Amino acid sequence: MAERNVRWGILATGGIAAAFAADLVDLPDAEIVAVASRRREPAEAFAERFGVARAYGDWESLAADPEVDVVYVATPHSAHRAAAGLCLEAGRNVLCEKPFTLNLREAEDLVALAREHDRFLMEAMWMYCNPLVRRLKALVEDGAIGEVRTVQADFGLAGHLLPGARNGVLPSGHRLRDPALGGGALLDLGVYPVSFAQLLLGEPDGITASAVLSEEGVDLQTGALLSWESGALAALHCSIAGGTAVTASVTGTRGRIDVPSGFFHPDRFVLHRDGRDPEEFAADPADGPRTSLRHEAKEVMRALRAGEKESPLVPLEGTLAVMRTLDAVRERIGVRYPGDAVTATARATV
């Protein structure tokens, strides 16, 4: 791709789409040329807010737009397979929000479509593109704390404080309690602790898990213990029943790294090496706010200009490995989604 602006299409108009668009607007080599929703009114409102030229009231028109270089799919994850698949089949490159899909089978479908149509595809796991997280990973790989023995990470939110809660309770119709929408703590929040552990240790060899389920059958909170043949363990927790510290820690044979609250978009972390004073690593102010999504956008644009079909920072095999773990955890805690039972024939008609 020539060194011109990368032209983005935004599929969906919710909060994460707006946050991503706001960061794209600040990138000098990015341009939002189109936005789509299932209804024209929200698409037009989004277009007016961000100065987007074209607003579509259906996904198909965006997927078919020849002036769109890459589509950012920001729908709820229950629609990722349909939305991203539509775009890939139309010849668009895709950045798809996390969790990538509802299950491994859907994720494999998207990867196969990307390879069939020779298109770029990446999960929007912004944590993997964060400069400070990349520095942490490099330190671990360089042996700063020796061989990794344990990873601990948690992500819990107080459900009664979330948007849509009524009288201090998430109602039964809320998307986080709806199995048809991939509800529960694991896919929305647990994907971060799992992805953090696998960023450092790869796919686990053993998985055990336990959960507290809602009356609808989704997990209100889940604890998972992952194990590796190396002897490493990861103790992970997610919850929509209570707010947790949202911290992470990596312990090795010669030290430890502690990441304070908001581990998946940190502003600092502390390296403790045996026999040495603690060292603090802080984010570079030039990298923007800790909540910025610009790093994943910049990585997509770098890869597109380089002619790459996937990102080395967020490789597709790594995304599939995380989905395998999430599926395994759900199997152990007894959470099933209606989409898990969809046949290959039915999927082909989506």
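Worth knowing before you read on, the calculation uses all heavy atoms, side chains too, and leaves out hydrogens, waters and symmetry mates. Because the structure is predicted, anything quoted here is derived from the model rather than measured.
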Decide if atom [atom1] of [X] counts as having more than 12 heavy atoms of other residues, nucleotides or ligands within a radius under 6.0 Å.
X: Asp284; atom1: CG; result: yes
X: Glu48; atom1: CD; result: no
X: Arg324; atom1: CZ; result: yes
X: Lys298; atom1: NZ; result: no
X: Glu280; atom1: CD; result: yes
X: Glu147; atom1: CD; result: no

Salt bridge flag under 4.0 Å for residues [X] and [Y]:
X: Glu31; Y: Arg4; value: no
X: Glu308; Y: Arg302; value: yes
X: Arg92; Y: Asp69; value: no
X: Asp188; Y: Arg175; value: yes
X: Asp274; Y: Arg276; value: no
X: Asp58; Y: Arg38; value: no
X: Arg294; Y: Asp26; value: no

Could you check whether any side-chain N or O of [X] sits under 3.5 Å from a backbone N or O of [Y], counting only pairs where one atom can act as donor and the other as acceptor?
X: Ser239; Y: Gln221; answer: no
X: His80; Y: Ala107; answer: no
X: Asp340; Y: Tyr337; answer: yes
X: Arg39; Y: Gly57; answer: no
X: Ser195; Y: Val191; answer: yes
X: Arg177; Y: Gly183; answer: no
X: Arg256; Y: Ile145; answer: no

Legend entry - Close aromatic pair by centroid cut-off 6.0 Å: Tyr192 and Phe196: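 No, the ring of Tyr192 stays outside the 6.0 Å limit from the ring of Phe196, centre to centre.
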Legend entry - Contact check, side chains of Thr247 and Asp258, non-hydrogen atoms, under 4.5 Å: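 Result no, sub-4.5 Å side-chain heavy-atom pair not found.
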Inset, instruction - Evaluate the side-chain proximity of Glu279 to Arg273: yes if any heavy-atom separation is below 4.5 Å, no if none is. - result: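 Yes. Closest side-chain heavy atoms under 4.5 Å.
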Legend entry - Trace of the side chain to side chain contact (heavy atoms under 4.5 Å, CB included) decision for Arg166 with His174: CA-CA 10 Å; Arg166 299 172 187 169; His174 193 282; over 6 Å; no
Legend entry - Straight-line distance of Thr13 OG1 to Ile16 CD1, nearest 0.5 Å: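 Thr13 atom OG1 to Ile16 atom CD1 measures 13.0 Å (nearest 0.5 Å).
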Inset, instruction - Could you please spell out the steps behind the ring-ring contact (aromatic ring centres under 6.0 Å, His included) verdict for His295 and Trp126? - result: CA-CA 7 Å; His295 305 298; Trp126 61 315; 9.1 Å; no
Legend entry - Given Thr222, Asn103, Asp219, Thr325, the one that forms side chain to side chain contact (heavy atoms under 4.5 Å, CB included) with Arg330: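 Checked Thr222, Asn103, Asp219, Thr325 against Arg330; only one passes side chain to side chain contact (heavy atoms under 4.5 Å, CB included): Asn103.
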Inset, instruction - Give a yes or no on whether Val259 and Val250 share a hydrophobic cluster (residues Ile, Leu, Val, Met, Phe, Trp, Tyr; joining criterion: side-chain heavy atoms under 4.5 Å apart). - result: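 As far as the 4.5 Å side-chain criterion goes, Val250 and Val259 are connected within one cluster.
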Legend entry - Residues forming a side chain to side chain contact (heavy atoms under 4.5 Å, CB included) with Glu310, sequence neighbours excluded: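 For Glu310, the residues satisfying side chain to side chain contact (heavy atoms under 4.5 Å, CB included) (neighbours in sequence not counted) are Arg115, Pro315, Leu316.
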Inset, instruction - Carefully, step by step, assess Glu299 and Ser311 under the rule side-chain hydrogen bond (donor to acceptor under 3.5 Å, both in side chains). - result: CA-CA 7 Å; Glu299 172 59 12; Ser311 164; 2.7 Å; yes
Legend entry - Criterion side-chain hydrogen bond (donor to acceptor under 3.5 Å, both in side chains) on Glu89 and His117, from CA distance to verdict: CA-CA 7 Å; Glu89 289 177 328; His117 294 277; 5.2 Å; no
Inset, instruction - Assess the side chains of Tyr72 and Glu97: does a donor N or O sit below 3.5 Å from an acceptor N or O? - result: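 Yes, because at least one side-chain N or O of Tyr72 sits under 3.5 Å from a partner of the opposite role on Glu97.
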